[in-house]
Each structure stands twice: as structure tokens, then as C-alpha cells.
Amino acid sequence: MGIIIKTPEQIEGIRRSSQLAGNTLKMIEGYIKDGVSTEYLDKIIEEFIRDNGAIPATLGYNGYTKSSCISPNEVVCHGVPSPDVILKHGDIFNIDVTTILNGYYGDTSKMYSIGEISDKAQQLIDATRHSLTLGIQQVFPGNYFGNIGFIIARYIQMKGYSVVYEYCGHGVGINFHEDPQVEHSARRNSGPKMQPGMTFTIEPMINEGKPRTKVDKFDGWTARTVDGKLSAQFEHTILVTETGFEVLTDVDNEY
Ligand code: MF3
Ligand code: CO
Ligand code: CO
């Protein structure tokens, strides 16, 4: 295995796929309203990705049959879109999209909500988004991958939440899940060092309560908090540049 250093041509391909993934998250915003099913949103996501000449990477991945993961409230990740999961006023949920465009992968997710949400839900979302930003700021040549998780976990513990350690970020671009595993809770100066041309995700899952998760027997995918409390997640695909980072999935010029 080993961490793949991408060529300039590969980076341009990953950048284009990542921008499509980011634009998919932007597009779906307009379809979110009280009463829609996660299956309905998944179908629109699939159509948009195909209309743009790409395919959803999750389709057929390890037996997964949907074009996105949609994870409401206490679902930590890998929520399987279903006509039986209806989104309603007060819900918070993550939508995670991975595209394959001309063979290159882009992977990103963000939180959405419907109507008015509780203060505790909003605070969890804000802290999770900020933890990703802190992680991204640790991306520069020569830094240790462990410092991403070190900085995220330090901030999240200070906020009184917990970091999910059973799922990680990952190298991405030529394949869906490449080396290295990017931990969201890690020891300072641990793990491999970053080099220009590496591309990977940072995707912290942050729980309001206990960090542990449990996968539904029913579908073998949907991972929930063990205590039924809320969970939030944001994800970007990042490139290590000569001087720092480029957030390849950032279509809002947030970074
Ligand atoms: N997009 C997810 C990630 O961030 C992976 C989803 S795999 C699936 O790594 F099979 F659950 F869709
Ligand atoms: Co990912
Ligand atoms: Co993802």
C-alpha cells in the first residue's frame, strides 16, 4: 500500500471530482423540506451526479446500494437512504457524497437542518464544523497526520463532546479509501508525515454523549450512537500543497 503522491494531472482530476461532490451538496439544499424521505434526496443526488458525467462511488461499494449516506440525529454515519426515513422539522442530518469523475474520487459531507432546531443541536453542529477547520489548519508539508486528530480531540474535549474513534478519515483520489487512516483523536506528532501531492479526507464525527457507535442489524450499515444522543459530521477532501493545504471540495470559498 503506502500513501500515494499524486501527479499534477491526477490532482486536477481529483479537484474536478471534488468540486462536483461539493456542488452536489449545494444542489441538494434546495430539495430539503419537512416530510421528504432520505430515499427521495438520494435519487436526486444520483441524477445530478450522472448528469454531470460522473457516478456515485457508494453505488455497489461493499454491497452498498445507494448514491449517498444520509444520517439524521443519532445516526453517526452510513445512514442508508430509505423511503421509510422521513425528515421533519427540528431534525439535523449529514449528507455524504462521493463522486467518481473520469476515474477520480472526491468525498465530502456536511450538516443540514429543517426549520428551527434546538440550541444544543446548533452548538454541536458549530463545534463539529470548527473542529474540521482546526484539523485542516494542521495540513502542511512535514507535519504529522497525528496532529490533525490531536488538535480536533483537544478542542472537542474542551467543549464537553466526544470524538468517534471507530471511523476515520482516509486517503482518497485514485481509490475511494487509500492509506493513510486519518484519525480524529490521536497523539501529538504521531503517524506519517504529510508531503505535497497527498490527498485525503478529514471527517470528524462528534457525539453529544458517549463516543461509541453500534451498526443496525437490520441493514448492516447505519451506525448510531449507543446512547441515542445526537451526532454531527463535516468532511472535506484536502490536498497537501508546497506551502500548506487546498480544500478541494470547498465550493463556497470558505477556506
Ligand atoms: N463517504 C463515506 C466516507 O466518508 C464512505 C461511505 S461508504 C458507504 O468515507 F458504503 F457507506 F457508502
Ligand atoms: Co470519507
Ligand atoms: Co464521505
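The shown structure was predicted, so the numbers you read here are calculated from the model rather than taken from an experiment. Every number for a ligand or one of its atoms is a count from 1 in the order of the listing. Residue indices begin at 1 and follow the sequence shown.
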Using a cut-off of 2.8 Å, find all protein N, O or S atoms closer to the Co ion (ligand 2) than that distance.
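Near the Co ion (ligand 2), the protein supplies D107 OD2, H170 NE2, E203 OE2, E235 OE2.
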Criterion side chain to side chain donor-acceptor pair (under 3.5 Å) against [X], the qualifying member of [options]:
| X | options | answer |
| --- | --- | --- |
| S17 | T99, N52, T237, T98 | T99 |
| E203 | H184, Q233, H236 | Q233 |
| D126 | Q123, R129, H130 | R129 |

Intermediate values then yes/no, ring-ring contact (aromatic ring centres under 6.0 Å, His included), H170 and F200
CA-CA 5 Å; H170 50 91; F200 54 88; 9.6 Å; no
Once you measure the plane-to-plane angle for F176 and Y61, does it fall in the parallel (<30°), tilted (30-60°) or perpendicular (>60°) bin?
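Ring orientation, 0 to 90° scale: tilted.
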Can we say R50 and E47 salt-bridge, meaning some charged N sits less than 4.0 Å from an Asp/Glu carboxylate O?
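Looking at R50 and E47, the cut-off is not met.
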Between K6 and E178, is there a side-chain N and carboxylate O pair less than 4.0 Å apart?
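A salt bridge links K6 with E178.
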So if I only count non-hydrogen atoms and take anything under 4.0 Å from ligand 1, which residues does that give, chain by chain?
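If the criterion is a heavy atom under 4.0 Å, then ligand 1 touches T58, Y61, Y64, C69, H78, D96, T98, D107, H170, F176, H177, E203, W221, E235.
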Which hydrophobic side chains are connected to L20, either touching it within the sub-4.5 Å cutoff or through other members that do?
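Reading the cluster by chain and number, L20 sits alongside L25, M27, I28, Y31, I32, V36, Y40, L41, I44, I45, F48, I49, I70, L87, F93, I95, V97, Y112, I114.
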Residues in side-chain contact (heavy atoms from CB on, under 4.5 Å) with E39, at least two apart?
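side-chain contact (heavy atoms from CB on, under 4.5 Å) check on E39 returns S37, K43, K66, P83.
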